[in-house]
Amino acid sequence: MSEQGIRNALSRCPFQILQCDGEGLIGAGTGFFYEHGGQSFLITNWHIISGISPSTKTAMHPQGRTPDFLQVKFFTIAADGIHASSVAQRVEIHDTDGSKWYEHPDLGPDCDVVALPFARPTSCPPHFHTPANRLSPERVPVGPGSTAFVVGYPLALSVGPGLPLLKSGYIASEPNFGVRIGGQLSAVGGLTGAPDLPAFFLDSQTRQGMSGSPVFTVYTGIWDPQDPYAPPDESGDFRFTDSTNIGQGREFVGCYSGRVGASEHQAALGLCWRVDAIDAICAAKRQGQNPQ
């Protein structure tokens, strides 16, 4: 990669999403491509594509406006064949049969992730908007304290021809255990009276506009990508197999959907919906319900 060019492949993964109706721009978020079963999907949050808060089920815009369509800013090669720029392309989210997106087969809108069948535009340069689950073939150890990068557009900010920002943080909970938001304290286990969500907490100072961002974790050390959770060799021989990796690796771990709590000054925790939730949505193909 050129010294003067893009230095991190994560910068080439997501795209900016603009929520629009007949009156114009409503708000902005982030999305990315994902491949499942040989099909391409546009992944973003339910609240981005619907304009409705998943917790209150009311419109997030102060005037009650909700999107009729999206404008997605895909990278496109300029007419000179050299320079690239992000150019907004209209993406329909409804048709005569209803909503075009898919929701979680069990949780519906309570899972703040949707999958919209959508092929990567042929106008995109070859290495832009790579599906998040195809960006790196590696598996790395993932757990509480792992470094995480939320790659998106905080406050609609970007650099250069529309490149995203990488906001760093840490995985703040055990990723294989679901989270409950709301509910009541229980004498046994955690909270009760709220659904168990296929997500984990992130400790990161994310901002509005990053909803729908892909989340990657980065690991530096020695690990076996075929079995990243294998116990370390404690024999003292420091023997490595042909599959042993030494250095730094990364793995796609899910879709970011926003902070927990109404204020930025609360726990400073965000939600990352796990990859298995995205897979369930793409596999089930349950048509989303138009909340309007």
Side-chain angles (χ1 to χ4, degrees), residues 1-20 25 27-45 48-49 67-95 100-102 113-138 149-154 156-167 209-216 250-256 273 275 278-279 281-282 285:
M1 185 175 296
S2 168
E3 181 179 347
Q4 303 300 319
I6 298 171
R7 299 184 179 182
N8 194 319
L10 301 185
S11 299
R12 295 177 283 152
C13 178
F15 37 76
Q16 190 171 38
I17 292 178
L18 309 179
Q19 302 163 291
C20 302
L25 181 65
T30 304
F32 57 93
F33 285 124
Y34 189 84
E35 283 188 357
H36 180 88
Q39 187 173 1
S40 174
F41 297 90
L42 186 159
I43 305 296
T44 190
N45 290 152
I48 292 294
I49 208 166
D68 296 324
F69 62 95
L70 305 177
Q71 291 276 8
V72 181
K73 297 178 69 174
F74 295 120
F75 272 82
T76 304
I77 294 292
D80 61 10
I82 300 174
H83 298 92
S85 180
S86 55
V87 178
Q89 177 176 324
R90 178 169 173 142
V91 174
E92 302 295 343
I93 57 177
H94 305 292
D95 59 20
K100 298 180 69 173
W101 69 79
Y102 298 139
V113 180
V114 296
L116 179 70
F118 195 88
R120 178 181 171 279
T122 56
S123 58
C124 291
H127 302 297
F128 271 94
H129 306 320
T130 303
N133 58 329
R134 299 289 180 260
L135 196 62
S136 172
E138 297 175 317
F149 287 98
V150 184
V151 189
Y153 300 87
L157 293 171
S158 63
V159 299
L163 296 170
L165 278 65
L166 282 71
K167 291 281 283 181
M210 302 196 77
S211 294
S213 296
V215 180
F216 297 87
R250 60 175 175 246
E251 183 177 341
F252 169 68
V253 292
C255 178
Y256 176 78
W273 298 90
V275 174
I278 301 174
D279 284 334
I281 295 168
C282 296
K285 294 183 170 63

Once you round to the nearest 0.5 Å, how far does [atom1] of [X] lie from [atom2] of [Y]?
X: F41; Y: N133; atom1: CZ; atom2: CG; value: 11.0 Å
X: Q89; Y: C124; atom1: CD; atom2: SG; value: 8.0 Å
X: Q19; Y: L25; atom1: CD; atom2: CG; value: 8.0 Å
X: L18; Y: R90; atom1: CG; atom2: CZ; value: 13.0 Å
X: S86; Y: Y153; atom1: OG; atom2: OH; value: 6.5 Å
X: L165; Y: S213; atom1: CG; atom2: OG; value: 10.0 Å

Please walk me through it: do C13 and V151 pass side chain to side chain contact (heavy atoms under 4.5 Å, CB included)?
CA-CA 8 Å; C13 178; V151 189; 5.8 Å; no

Against L116, only a single residue in T44, V91, V72 fulfils side-chain contact (heavy atoms from CB on, under 4.5 Å); can you say which?
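Among T44, V91, V72, the one meeting side-chain contact (heavy atoms from CB on, under 4.5 Å) with L116 is V91.
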
F216: ring-ring contact (aromatic ring centres under 6.0 Å, His included) partners, not counting sequence neighbours
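Scan of F216 (ring-ring contact (aromatic ring centres under 6.0 Å, His included), adjacent residues dropped) gives F252.
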
With sequence neighbours excluded, what pairs up with F75 under the ring-ring contact (aromatic ring centres under 6.0 Å, His included) test?
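With sequence neighbours excluded, F75 shows a ring-ring contact (aromatic ring centres under 6.0 Å, His included) to F128, H129, given in chain and number order.
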
For Y34 and H36, take the angle between the two ring planes, folded into 0 to 90°, and tell me which bin it lands in: parallel under 30, tilted 30 to 60, perpendicular over 60.
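Y34 and H36: parallel rings.
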
Mind telling me whether F15 and F74 have parallel, tilted or perpendicular rings, with 30° and 60° as the class edges?
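Taking F15 first and then F74, their aromatic rings stand perpendicular (interplane angle over 60°).
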
Residue pair [X] / [Y]: nearest heavy atoms and the distance that separates them:
X: L70; Y: I48; result: CD2-O, 4.4 Å
X: P67; Y: H94; result: O-NE2, 4.0 Å
X: L166; Y: S11; result: CD1-OG, 3.9 Å
X: T30; Y: P14; result: CG2-CB, 3.8 Å

Whether D68 side chain and C20 backbone form a donor-acceptor pair below 3.5 Å:
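Judged by distance alone, no pair lies under 3.5 Å.
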
Using only atom types and a distance under 3.5 Å, with no angle test, would you say the side chain of S136 pairs donor to acceptor with the backbone of R250?
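Yes.
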
Starting from the C-alpha separation in whole Å, work towards a yes-or-no answer on side chain to side chain contact (heavy atoms under 4.5 Å, CB included) for Q71 and F69.
CA-CA 7 Å; Q71 291 276 8; F69 62 95; 3.8 Å; yes

Would you mind reporting whether Q39 and C282 have side-chain heavy atoms less than 4.5 Å apart?
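Heavy-atom side-chain distance check fails, nothing below 4.5 Å.
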
Walk me through whether I43 and V113 qualify under side chain to side chain contact (heavy atoms under 4.5 Å, CB included).
CA-CA 7 Å; I43 305 296; V113 180; 3.9 Å; yes

Tell me, which pairs form a salt bridge (Lys or Arg N to Asp or Glu O under 4.0 Å) where one or both residues lie in residues 113-125, sequence neighbours left out?
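As it turns out, there is no salt bridge (Lys or Arg N to Asp or Glu O under 4.0 Å) pair with a partner in residues 113-125 once direct neighbours are skipped.
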
